[in-house]
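Before any comments, here is the structure.
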Amino acid sequence: MTNKIRYFIANWKMYGDLSSLNSIQRVIKFSKLNKSKKFKIVYCPPYTLLNQFITKVKKSSIDVGAQNIHQNFDFGANTGFINSKMVKNLGAKYVILGHSENRELGEDNKHINKKILSAIKSKLTVIFCIGETLSQRKKNKTKIILKNQINFGLKGVNKRNKIIFAYEPVWSIGTGVIPNNIELEKNLKFIKSIVSKKFKEYKILYGGSVNPDNIKKLRKIDLLDGYLIGGASQSSKKLIDIIKKTFN
Ligand code: PGA
């Protein structure tokens, strides 16, 4: 395994309340005890917990990100939403954009592109989710879908910006099913072939049902810089297990 930094991004989705803050103590301790290992943990809790998480992880190497933002950079009459400046102002460093659960609600590549540009303007690091649905996969449309998501989503983004790509086959999210390594490597190589022409520095993560049982299989893929972890990341034990098994 190469010596590069590995990302473990915890996407808590619409889970968690104030009592969850105690549960991450274990992960904070783990990160402090394992400073020599090259990894970065980023918690993406719901908006309601962003501030508390940021305060809680302050003296550790853990960072915090939001799960989405509104597409408008400027403040405005957008009831129920928050913009990139608000997220940045709290002290968050990352934002997940283009997640399939939001694409399903109507976010298209154009919306996502605006969000990405806004996040970059606020100096947030973008975790850009891309991935095909099961029916697109069945119709052999994976490549064209990925290509469009990348090209339209990143329109106008400067070559020097650092984007973290999260390849998440939609059919893997929350299902317990992951692609086999051959299929996964094929799609990751395809993603790399596009993004390496667009960016100087980028990372590629895998997301979709990552857990302590399948991580040993996933870690064999050297192309990966880490994982976007949903369900399993809410358990500190599982998250620590995933990190440990990535290295040992
Ligand atoms: P999952 O979610 O690990 O629960 O499949 C991943 C994600 O949606 O980012």
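Each ligand, and each atom within it, is numbered from 1 in the order the structure gives.
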Between ligand 1 and the protein, tabulate every N or O atom pair separated by less than 3.5 Å, reporting distance only.
residue, atom, partner, partner atom, Å
ligand 1, 2 (O), Lys13, NZ, 3.2
ligand 1, 3 (O), Ser209, N, 3.3
ligand 1, 3 (O), Gly230, N, 2.9
ligand 1, 4 (O), Gly231, N, 2.8
ligand 1, 5 (O), Gly174, N, 2.7
ligand 1, 5 (O), Ser209, N, 2.7
ligand 1, 8 (O), Lys13, NZ, 2.7
ligand 1, 8 (O), His99, NE2, 2.7
ligand 1, 9 (O), Asn11, ND2, 3.3
ligand 1, 9 (O), His99, NE2, 3.3
ligand 1, 9 (O), Glu168, OE1, 3.3
ligand 1, 9 (O), Glu168, OE2, 2.7

Going only through I, L, V, M, F, W and Y residues with side-chain contacts under 4.5 Å, is there a path from Tyr47 to Ile9?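 Different clusters: Tyr47 never reaches Ile9 through Ile, Leu, Val, Met, Phe, Trp or Tyr contacts under 4.5 Å.
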Heavy-atom side-chain contact between Tyr206 and Pro169 under 4.5 Å: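 Touching, per the 4.5 Å side-chain cut-off.
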Within-4.5 Å side-chain heavy-atom neighbours: Tyr43 and Leu239: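 Answer yes - side chains close enough.
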Mind checking whether Phe190 and Tyr167 have ring centres under 6.0 Å apart?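 They do not qualify: ring centres at least 6.0 Å apart.
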Which residue pairs pass the salt bridge (Lys or Arg N to Asp or Glu O under 4.0 Å) test when at least one of the two sits in residues 86-112, sequence neighbours left out?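 Residue pairs with at least one partner in residues 86-112: Lys13-Glu101, Asp63-Lys93, Glu107-Lys115.
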Short side-chain to backbone donor-acceptor contact, Lys203 and Arg6, under 3.5 Å: no
